[in-house]
Structures are given as C-alpha cells and as structure tokens.
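As structure tokens, the structure follows; a few thoughts come after it.
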Amino acid sequence: MVASVQALLSPSALEPVSDVPDDWAPLWLRMLRARDGAPTPQLNHRPDHGWWIDESISAQACALFELYKPLLDARARQRGPRGHGPWVVAQLGQSLDGFVATLTGDSYYVNGPHCLLHLHRLRALCDAVLVGAGTVAIDNPQLTTRRVPGPQPVRVVLDPTARLDGLSRVFRDGQAPTLWVCDSQHAEQARSRLRQAPARAEVVAVAGLLVNDSTGAYHPQKVVAALAQRGLRLLFVEGGGITVSRFFTAGALDRLHLVVAPVLIGNGRRGLQAPAHAVMADCPRPRARTVALGEDMLWDLELRSS
C-alpha cells in the first residue's frame, strides 16, 4: 500500500496557516505573472541568472522565493530561443528515520499545514501534477490549487496496468483535465472505464511503458516524453513514495523536495528508496539547501548537479 498525501498530514494540516509573512501574498501573485511570462514589477529576469527580486522583502518570503525560483527559471528556459526540454520536480514527506507509515500502514500525523500549502504552490507553478495509482486508490485526491491562488494543473494518474476502476474524483469531478497514463496494451480497458466520465478525463496510451507487467514497474522517462508531446513540460511528481522513488532511481528528476517531519516511527514503510551503493565514494551527494516549513524541514535537492 502506498501512503497517501492526505494521510501524511497532521490533524492541524487542514487548518489555516497564520505565520506566513505579510509580504508573501503579493510576491506570490507576481510569481504567478512571471510563470506566465507576463511583465512583473519588482521581479526581473536575465537568461544567465534567472529570476530575482528587485525590492526589500522579509527573510522568510525570500527563502520561499528561492525555493520556487528554480521552477520559474526552468519555465523561462523552456520559453527561450533554445527551447529547453521537460523539467521535473518531486516532493515527498517522511519521518526523521525515513518512513511514511508504520508497519501496520498507519500513516497519519506526519507532516503539517505548511507542507500542504507547499504542495498546492508546486501544483500552481507546474503544467501537470503526477501521482501513482496507489495514491489515487487510497486517498482519492483532488490535486487542485484550492488553497492558493493559481491555475489548475493537468492531473496525471500513473497506472500502467489500468488497475483503477475509473470512479475516483480526478476522473469524475471535472475540476481540471485528467490524463490516465497506462501501457498501450491496457489502454482499452482504461477507456472502457471512462466512457461515462466527463470529457476532461482521457486515457494516454504509451507503447512499451511497462518494464514488468506483473509488478507494474514502468519507464518514468517514457511518461515524461509522452506528456511533453502534449505540451506538458514542467512536471510535479507529488506521490506516493513508490512513484517518487521510481522517478528518482530512473534519473528522471531535476529536483527533489524531501520534507522531513520531527517524528520517529522506528520501523515501517520506507519513504524515499534509493539504489544501494557498496562504498561511500559512489553515493550521490546532491547540492542541497534547507527551508523550514513550520515544524517540518524541507531539503531542496538539486539532482542534475550531483
């Protein structure tokens, strides 16, 4: 079972966050304008430097801007004359000792309300938000930007063997376009389950997506390529842990936001799972910075530089 995004949130996660700096809200609106390539006062861009703020702001707002700046810079590069390819960010929340749930599958009360806001901001800045079939089956998420101003991303469900029943909210609520990505050999089964769904839900068949039909393992790069063909080039892999780990292991991520909560589970279901190495010299050590999200600590990992 994959720990759901909703289940990773503490009881207070759905409550309003009261300690966001006053200067963050207007800065966020300017960042949304920059996302769309519109002229933006006090926010400048240079190809060799990316976006920067031309005004004095609080330290907390500056830290948040620096956290999301790579997404704005990636989109600017994609719009540039060289037309850079897809760019992928993932986020995963886990305990201090690297678990997303206990051995019994209890995954409640891990991350807090700031992490939830962070998820919605990432959705708003990206073209599409990707989740695995397990997250959809367990959490039945909406994957919208209802907690922050910003556009709705295209919702992408990664279900190579088409094991879902097509009745989840992402397929039926019509709040945003939804793509059900599966291997071409299972596409007709998925389409049959969407025949009564709103027109905003669609099956995307990818030839050769599956590595192993019995395990459901797939090629993340083929997912990225299929979405890029549809103009979705700034992607956010939201969960769950298995999906994020697959993209990480395949080298399909440009950046990873690993949110660590101050809780110890002891033993349970792993969060991020990376390939094993025999000696430390072979272990990747990505460039990293930390940002406090309430009581949680976010590790912003730049994977392409490692």
Side-chain angles (χ1 to χ4, degrees), residues 1-15 90-116 118-119 122 129-143 157-165 167-170 210-218 220 236-250 252-253 256-278 280 283-284 286 288 290 292-301 303:
M1 182 183 296
V2 180
S4 66
V5 172
Q6 185 68 36
L8 292 176
L9 302 173
S10 71
S12 63
L14 302 181
E15 299 174 0
Q91 190 271 355
L92 186 62
Q94 60 186 45
S95 66
L96 282 170
D97 46 355
F99 298 101
V100 296
T102 66
L103 283 175
T104 64
D106 182 6
S107 54
Y108 286 93
Y109 315 148
V110 179
N111 293 114
H114 291 79
C115 182
L116 180 58
H118 174 62
L119 289 174
L122 288 177
V129 53
L130 288 67
V131 293
T135 295
V136 173
I138 297 166
D139 193 33
N140 197 19
Q142 297 180 67
L143 303 178
V157 178
L158 305 179
D159 184 18
T161 59
R163 62 186 178 93
L164 293 171
D165 58 15
L167 300 178
S168 303
R169 285 193 295 191
V170 290
L210 277 166
V211 177
N212 187 312
D213 193 79
S214 61
T215 65
Y218 56 89
F236 169 35
V237 182
E238 182 168 319
I242 293 175
T243 300
V244 171
S245 295
R246 278 179 173 156
F247 272 74
F248 177 84
T249 300
L253 297 178
L256 173 62
H257 291 177
L258 189 63
V259 184
V260 180
V263 61
L264 293 165
I265 293 177
N267 193 10
R269 298 180 178 176
R270 299 295 311 179
L272 180 66
Q273 299 181 63
H277 296 277
M280 283 299 300
C283 297
T290 57
L293 294 180
E295 294 183 349
D296 301 332
M297 183 61 66
L298 183 149
W299 286 82
D300 179 17
L301 306 177
L303 302 181

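If you read the sequence from its start, that first residue is 1, and numbering goes on from there.
Under the rule for a salt bridge (Lys or Arg N to Asp or Glu O under 4.0 Å), the partners of D300 that lie at least two apart in sequence or sit in another chain are R255, R289.
Remark: R270 qualifies as a cation-pi partner of F99 under the 6.0 Å distance and 45° angle criteria applied to the six-membered ring.
Nearest approach of A288 to L301, heavy atoms of both residues: CB-CD2, 3.5 Å. Shortest non-hydrogen contact noted between Q273 and S245 is N-OG, 2.9 Å. Pairing each heavy atom of P220 with each of A252, the nearest pair is CB-CB, 4.0 Å. Looking at every heavy atom in both residues, P286 comes nearest to L303 through CB-CD2, 4.0 Å. Nearest approach of L167 to D165, heavy atoms of both residues: N-OD1, 2.9 Å. Shortest non-hydrogen contact noted between L293 and C115 is CD1-CA, 4.3 Å.
Counting heavy atoms from C-beta on, the side chains of D213 and T161 come closer than 4.5 Å. Using a 4.5 Å heavy-atom cutoff, the side chains of D296 and P262 are in contact. Here the side chains of L272 and L256 are in contact, with some heavy-atom distance below 4.5 Å. The side-chain heavy atoms of E238 and T135, taken from C-beta on, include no pair separated by under 4.5 Å. Contact of the V237 side chain with the F248 side chain is not registered, since no non-hydrogen atoms from C-beta on lie closer than 4.5 Å.
At least one donor-acceptor pair closer than 3.5 Å links the side chain of D97 to the backbone N or O of I265. In this structure, the side chain of R269 does not engage the main chain of V100 through any donor-acceptor pair within 3.5 Å.
Atom CG of L298 and atom CG of L258 lie 7.5 Å apart (nearest 0.5 Å). Put simply, CG on D159 and CG on L164 are 4.0 Å apart, with the number rounded to the nearest 0.5 Å. Taking CD of Q91 as the reference point, atom CG of N111 lies at 7.0 Å (rounded to 0.5 Å). From I138, atom CD1 reaches atom OG of S168 across 11.0 Å, with rounding to the nearest 0.5 Å. A distance of 12.5 Å separates CD1 in I242 from CG in L158, rounded to the nearest 0.5 Å. How far CG of N267 is from CG of L103: 4.0 Å, rounded to the nearest 0.5 Å.
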Side chain to side chain contact (heavy atoms under 4.5 Å, CB included) between F247 and L130, intermediate numbers included: CA-CA 11 Å; F247 272 74; L130 288 67; 4.0 Å; yes
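For Q142, the CD atom is densely surrounded, since the number of other residues' heavy atoms within 6.0 Å is greater than 12.
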